[in-house]
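Just below is one structure, and these are the notes that go with it.
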2 protein chains.
Amino acid sequence: MKDGPDIARLAALIGDPARANMLSALMAGKALTASELAAEAGIAAPTASSHLARLEAGGLVRQRRQGRHKYVTLAGDEVARVLEGLMGLAAGTGHLRTRPGPRDAALRKARVCYNHLAGDLGTRLYDSLAARALIRAEGESVSLTPEGAAAMAAFGIDVAGLSRGRAPLCRACLDWSERRTHLAGSLGRALLTRIEELGWATRQGESRIVRFSPAGEAAFRRDLAPI
Amino acid sequence: MKDGPDIARLAALIGDPARANMLSALMAGKALTASELAAEAGIAAPTASSHLARLEAGGLVRQRRQGRHKYVTLAGDEVARVLEGLMGLAAGTGHLRTRPGPRDAALRKARVCYNHLAGDLGTRLYDSLAARALIRAEGESVSLTPEGAAAMAAFGIDVAGLSRGRAPLCRACLDWSERRTHLAGSLGRALLTRIEELGWATRQGESRIVRFSPAGEAAFRRDLAPI
DNA sequence: CGAATGCTTCGGTTAGCATCGAAGTATGAA
DNA sequence: TTCATACTTCGATGCTAACCGAAGCATTCG
């Protein structure tokens, strides 16, 4: 019974450790070059080149040539969402869960999910927006209420500009650590950008960790997520 | 950068064609025996036995011995959700999308997603319940409103009994064909059961297709999803 | 108690693929 | 032009795992 699309091709593509490491690295949202990805995966350049060709053929990543560099990004939000879902399952069914280190704790608190905020603070933000009726969840497609649009504008976000884009404004994304939803879509991206602009948080090196300053986290809880 | 859980193990597990076919077959929700799954995957019994052992070790399926049979089911809703997500991605990025046959059309209209209703009618039901404020979506966790509980009781569902269970009553599940949400959780399962009880629809053989009778579909649209 | 059915273990074969070194191509810098 | 860097192609190697036949248990049926 092969009802439905062919899963195996895609899962096998993700299922190689080297490729999985590349994809995980790309979850940080930044475009990485082929050599950087090779280093991330711990493999030689030729091997990485072969893997990247397959990932692109499989539609999981996009490549953009610039000079003699080749910049690679995830192919889109949907890919990121599926990867996040797999992480959730792997975290739950994963065998012999080792004691989470400080690095892991930081990841669970706040991290980048491709281009928006995830982790404890990410889901907290989402819940708060929903509780205050600034967003309304109608299943997968989340919409911004008029009050929400006003609040976002007050926070310094060009909602009208975002709405003009082709990408959906709001989207729900399932969090692997919290097993709850956080906000994706172009608004989710804009919020994270604005948070960084305001100096509330900075990305930690090349990792997915988003490090909030004490003052930044206080401001975040006051202005964006006052439950 | 191996931030986050180990995806590769899990994806590799799903990534083998034989195992993927088994998992797809199990998405129909019914428990299948090892030999049935071997037939689904088109492999010999010993091979299937090995695959099933790995799937169980990986936490993707559960096995229950009964006499000389071994009944296999998916390990839970979360597994089904991830598989459905992979199908969505595969349907989108899948190369050379063949013209959907009549079988495919039926799948897209109404099918079983592990234990609840998915496809066009599934998302329609979800949207209708949300529009009439019978359910309220707060991200991933959907809740039943008092009005919703009354409506469900009127439809012949023992809401109180379901609430006593350990499983969540409502859950959002992303649809691979519609790319929208449908209703999972114990209420989702109960609704599908009730729909079959009323004779509105029957499962098509061993496939995931749910075949509505003309009268059944009319009743469904009138009683459950009047937009 | 046989006989049949369902599943599992074992051993050996095979195919696929990840891997890297070396050589090749393109871009940019000196 | 010449050299260096970034990436790709090619060829060879080695490992993993999918696969099945045969034999071994366990359960059920006659």
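Values reported hereafter were calculated over all heavy atoms of this structure, with side chains retained and with hydrogens, waters and symmetry mates removed. Naming: A, B, ... by sequence-line order, numbering from 1 per chain. All figures in this text were calculated on a predicted structure; none of them were measured in a lab.
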Minimum heavy-atom separation for Ala48(B) and Ala38(B), please, with both atom names.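 Minimum heavy-atom separation between Ala48(B) and Ala38(B): CB-CB, 3.6 Å.
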
Round to the nearest Å and state the distance from [X] atom [atom1] to [N] atom [atom2].
| X | N | atom1 | atom2 | result |
| --- | --- | --- | --- | --- |
| Leu52(A) | dT8(D) | CG | P | 7 Å |
| His69(A) | dA4(D) | NE2 | P | 17 Å |
| Arg54(A) | dG16(C) | CZ | P | 12 Å |
| Leu13(A) | dA18(C) | CG | C1' | 13 Å |
| Gln63(A) | dT8(D) | CD | C1' | 12 Å |
| Leu32(A) | dA6(D) | CG | C1' | 15 Å |
| Arg68(B) | dT27(D) | CZ | P | 11 Å |
| Ile14(A) | dA18(C) | CD1 | P | 14 Å |

[X] side chain near [N] phosphate (N/O to OP1/OP2, under 4.0 Å):
| X | N | answer |
| --- | --- | --- |
| His51(B) | dA17(D) | no |
| Thr47(A) | dT19(C) | no |
| Lys70(A) | dT8(D) | yes |
| Arg19(A) | dA18(C) | yes |

Between atom NE2 of His116(B) and atom CG of Leu192(B), what is the distance when rounded to the nearest 0.5 Å?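 Result: 9.0 Å between the selected atoms.
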
Could you grab the distance from atom CG of Leu26(A) to atom CG of Leu32(A), nearest 0.5 Å is fine?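 Rounded to the nearest 0.5 Å, the CG-CG separation comes out at 5.5 Å.
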
Report which part of the nucleic acid Ala48(A) touches: base, sugar-phosphate, or nothing (heavy-atom distance under 4.0 Å, all strands).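 Counting heavy atoms under 4.0 Å across all strands, no contact is made by Ala48(A).
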
Reckon Ser50(B) touches a base, only the sugar-phosphate, or nothing at all at heavy-atom distances under 4.0 Å?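 Answer is nothing: Ser50(B) stays at 4.0 Å or more from every strand.
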
Would you please classify the geometry between the Trp200(B) ring and the Phe220(B) ring as parallel, tilted or perpendicular, with 30° and 60° separating the classes?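 Answer is perpendicular, since the angle exceeds 60°.
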
Taking the nucleotide of DNA chain C with the nearest heavy atom to each, does Asp16(A) or Pro46(A) sit closer to the 5' end?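 Nearest-nucleotide comparison on DNA chain C picks Asp16(A).
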
Sole residue of Asp175(A), Thr123(A), Asp120(A) in side chain to side chain donor-acceptor pair (under 3.5 Å) with His182(A):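 Answer after filtering Asp175(A), Thr123(A), Asp120(A): Asp175(A).
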
